[in-house]
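If you're wondering where the values come from, they're calculated on a predicted model, not measured in any experiment. Below, read A as the first sequence line, B as the second, and so on, with proteins coming before strands; counting in each chain starts at 1.
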Amino acid sequence: MNISINWIKEFVDLDGIETSELIRRFNLATAEIEGYEEKGKNTYGIVFGKIIKVANHPESQKLHVLSVDIKSKVLQIVCSAPNVREGMVTCVATVGGCVNGKKIAPVTMVGVESQGMCCSAFELGIGADDEGIMDIKEEVPIGADIKSVLPIDDVVFEIDNKTLTNRPDLWGHYGLAREFAVIFERKLKPIDTVDLSKFDGLKKLHINVSTPGCYRYGGLSVDNVTVKKSPLWMAIRLYYTGMRDINLLADLTNYVMLEIGQPMHAFDHEKVKGIEVLEAKKGDKLLTLEGEEHEIPEGSVVIADEKKVPVAIAGIKGGLKDSIGEDTTSVLFESATFDAVKIRKTSRAIGLITDSSQRYEKSLDPEMTPVAMGRLLKLLKDIDKNIVVTSAFTDCYKKKYDLPVITISEDFISSRIGIKVEQKYIVKILSALGFKVDVNGKDIVVHVPSFRATKDVSMKEDLVEEVARIYGYDNITPKPLAFEPKPTTLNKAIAEEYEVKKLLATKYNAVEIHSHIWNMQDFNEAHGIDSKSVVRLLDSSLAGQSGIRSELLPTMLKVVYENRNQLSDIRVFEVGHVAPSLDENNLVKEEKRLAVVFASQKATSEALFEELKKFIVDYAKHDLAIDIVLKEGDKPSFMHPYNTFRVTSREGDYGYIGVVHPRTATSIDKRLNMVALEVDFGLLSSKEGYFKKARVPSKYQTVNLDVSVLVPKAMKYGELDQILNKYRSKIMNGYGLKEIYENITLGSNKSITISYELCGKDHTLEGKEIDEFLNGLIAHLAKNKLSIRK
Amino acid sequence: MKEKINELKELFSKRKTEAQTKEDIEALRLEFMGKKGHITTLMGDFRNVLGEQKREIGMMINSLKQEIEKTIEELKAKNEQKEMDKRLENDKKIDYTLPVEDGVGALNPRTILQKQIVDLFVSMGFTIEDGNEIETEYNNFDSVNVPATHPARDMQDTFWLDNGEVLKTQTSAAQNRILREHGPKCRVLFPGRCFRNEAVDATHENTFFQIEGVVVDENVSVSNLIYFMEEMLKGVLKKDVKVRLRPGFFPFTEPSFELDATCPLCAGKGCGACSHTGWLELCPCGMIHPNVLKEAGIDPEKYNGFAFGLGFDRLVMIKTGLDDIRHLNSENVKLLKQYGTKI
């Protein structure tokens, strides 16, 4: 929103305060000024001149040679504007002057000397019209500097609308002037209005409100409007604050809105005899002022004429048919308050956000409607003396806001701000802000004014803010919190998440991905990944991605796909949330998962698998002290049916690890071998076993004894391990897999070499003991129908 | 006899200069010290020496013997050194300038910065909480004082799910649960991923991270908040920053503030990152709204506190110098790999 400082200064004297200081203090106390522009700074030396003669240029068809009277002399000016005519009053930039930064010097144009330049409103920066030079119809002193008559010098602030969201009272210059007055301890002047009660004796208008969406509707009619165009000062002010002049009546409604924040509307009273405020029926349409037809959503508040034909979408836009035209002399003015939510919903639904709807959305104060009408009449009368008010101010006041009364105290305010603020000072600030304040001993009883009561101020904490922001947040001395020593620990889920990520990145060379939570349906379908969503977005601009992912791995496979032509070795992972199922209340049972993919053109699936398995086993063992065991079990259809296994431990089942199904892998990139893992990381990281106590190793010599066991080819190491595990000996420190050997000479068997570590606790082992151990082992294997390979 | 000893002495002096190789030295040793060597022969002759001379000659022989032994040891050592030097010289030379294969993967820069911030808050006595990404309407809106008519609840701003839940629009969605769990005297930090239904560009993502903190106690004041935020931001930015409050508006807090910190990149002098104002808008914050406390079962007459949100992705961008927020959610492994594991 653009704010004119001249306009503000009509209501509060800010003389002697630098612009930078106005901005700084306002920013800290009220709302954010994003920038400002000094209007008129680069425009000077412009006077009013009268064209007394228009002659054709001897060489050019487009140019005219004008004789322009600027009182002190008559200038010869060559002008290209199409609208020049004799007797026309315009703005003349004289030699030595400057037009919006462009210096004026005598020039020769196609052989004719020009001693200045006639300017358009656009060239001067005071209007949007660039079709021709200014054609001034109002009385102005010829030869006078235009700045002596017109408010061209101004400073325009750009306020960030977002920072005014909860302050409906600041959507006009008057409300902002109040803030400046309080901040700089200056006096706020009243608004000059016409007293509407003097029209009480006139006939009432037909106004009927039949929807709770309208809180208050005030109407008043005026006849005999003769002036069509707004005076220049008003046009300039509207232009500076972001609007443009259209005609006097429309401009007046805009002017009042910009001044006090109350939107208004003007209907041609010849066409609209009375007002019905009602809710739109299905199929209602309106052709707006801009000539666009809008379907009005059912239930929206509409303004209709006495025959219930919609003439405006309440609070948003007027209709073309009944708007003010060139020949309008009789007018019906609207000053109304509507339900903020209804206006917002309609405005969003039809995609029309207007200066008016933006204000109504903020919950305007219904008490402002008569003020606005009184102000409009005052302005109109000043401009057009001949007007006749033809109706009483007809006021349908349907919903009044309660005005809260809040009791606070010096102690309360001081303790909440954290510095001592005296009662006297609190009273002074709140009174200046427009609150009515009664002091009753220690109690400060605060009556909230209507313009702050629609949603902004309702409780004690709101008054803390009022006092603190005016006192100045930068004047508050920072104080440390009382210290209470209390040990804290890092949440395990978060700590483990970091540990596992760091391990993957530093030891397994993997890259962490933050992918979106949507299920990438198109990708999945293209690559044979069957992954269903249990919840979907209700409405989304994200085409084809409206499901929420129920598992994490497909997204990682997509990352592999996206990088397949850039890298021959891709290792990626993510710790991310998924929605795999719903509970009995239909709420998502969210899980935090870990998914990892290793893909490589060089390494085999087996090698990749071993590495990935090592990662999960090592992580679980070293960080959580739990032993991971892979088992046969469920797997998704996009994983290899034989080479995918459950990741489990004694404490639970966490997910799966395996080779990606060749169908999916080939579809993604046939050069890549791919293994993957997905586990419920929230569950896994919540587990914790016991870290084993260290034991002191024997100081006597260790003997490594390798034993090759012949087993059937189909036998898994794990099965042998279960057998070996049952053979115990005092001299055995432990054993491990050394080698698996397959060869035709072994027939249907294979050889698994186990390396035993043997050692005596208190003596060096003798050959006899080792032989005993080996014989015992052979006997144990024989019981299990196994033998050793000699 | 004496003459013989002196002759041998001279002979040894001559011979020792000729001994170059390991073999020469061994031959020298044998020539003098071997079973048939000069010294052994000399010792044999010594037996025939009689009387007074015996002592003197004995000492001479002994001295010569020691000298020879010592010299031979020295020669041996010198020769070993020479051979070692030669070996070292001939060893294959390592090209220490060869590049190291860059095997390390990378963490998302968010992960790295979040870890730093989390550690900092733990040191300030905060408990860290994890949260969900899908929340009920109650948690996301009602419990934190967002009225039913608030624009944020509209379809065009929030991702609503078909089971009635939402993708959480702000970390405050966890406030109610956390305040209930931790009770009226607490300091809790909760990072999380949030979602808004908006168009994505260089400065807007529909998926972004926030970090939120709450402090609830008795008699917490605005001046406490300012002190805390300043100290906290010094820790996060690792710079001596100043903060200032401006009025803000959020449903969860009253009063609400926009908090600016002096720009850490230009120390408040003004630069491109802070639009030449010297200030960076970093944390929305405020005193927790009484309705939020009440809703979490905490008596707002007795306890109050403050809450703050860190524009976390913005901080990550400042720290990494990234100019496009979308890179944080990128699938481009080559890009991500450059972050490494520290920022």
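Aromatic ring pairs are classed by plane angle as parallel below 30°, tilted from 30° to 60° and perpendicular above 60°; the pair B:Phe209 and A:His514 is parallel.
Side-chain atoms of B:Leu167 and A:Trp518, non-hydrogen and from C-beta on, do get closer than 4.5 Å to each other. By the 4.5 Å heavy-atom criterion applied to side chains, B:Asp217 and A:Leu481 are not counted as neighbours. Taking the side chain as every heavy atom from C-beta outward, A:Glu32 and B:Glu281 approach each other to under 4.5 Å. Contact annotation: the side chain of B:Ser221 never approaches that of A:Ile417 to less than 4.5 Å [non-hydrogen atoms, C-beta and beyond]. Taking the side chain as every heavy atom from C-beta outward, B:Asn108 and A:Ile513 never approach each other to under 4.5 Å. Inter-residue side-chain proximity for B:Glu165 and A:Val588 is flagged as met; some heavy-atom pair is nearer than 4.5 Å. Inter-residue side-chain proximity for B:Glu254 and A:Asp462 is flagged as met; some heavy-atom pair is nearer than 4.5 Å. Contact annotation: the side chain of B:Arg193 never approaches that of A:His577 to less than 4.5 Å [non-hydrogen atoms, C-beta and beyond].
Only the side chain of A:Val572 comes within less than 4.5 Å of a heavy atom in chain B; its backbone stays farther off. Using a 4.5 Å cut-off between heavy atoms, A:Ile517 contacts chain B through both its backbone and its side chain. Contact of B:His150 with chain A is made through the backbone alone, with heavy-atom distances under 4.5 Å.
In this structure, A:Lys479 forms no cation-pi arrangement with B:Tyr227, as its terminal cationic atom is not both closer than 6.0 Å to the ring centre and no more than 45° off the ring axis.
Judged by distance alone, the side chain of A:Asn491 and the main-chain N or O of B:Glu129 form no donor-acceptor pair under 3.5 Å. Panel note: side chain A:Glu562, backbone B:Asn332; no donor-acceptor pair is recorded below 3.5 Å.
Of the inter-residue distances, the one linking A:Asn166 atom CG with B:Phe249 atom CZ reads 4.5 Å to the nearest 0.5 angstrom. If you take OG on B:Ser223 and CD1 on A:Ile476, they are separated by 7.0 Å, rounding to the nearest 0.5 Å.
With respect to chain B, the highest number of heavy-atom pairs below 4.5 Å among A:Asp569, A:Thr165, A:Thr30, A:Val575 belongs to A:Thr30.
Judged by distance alone, the side chains of A:Glu512 and B:Thr111 do bring a donor and an acceptor atom under 3.5 Å apart.
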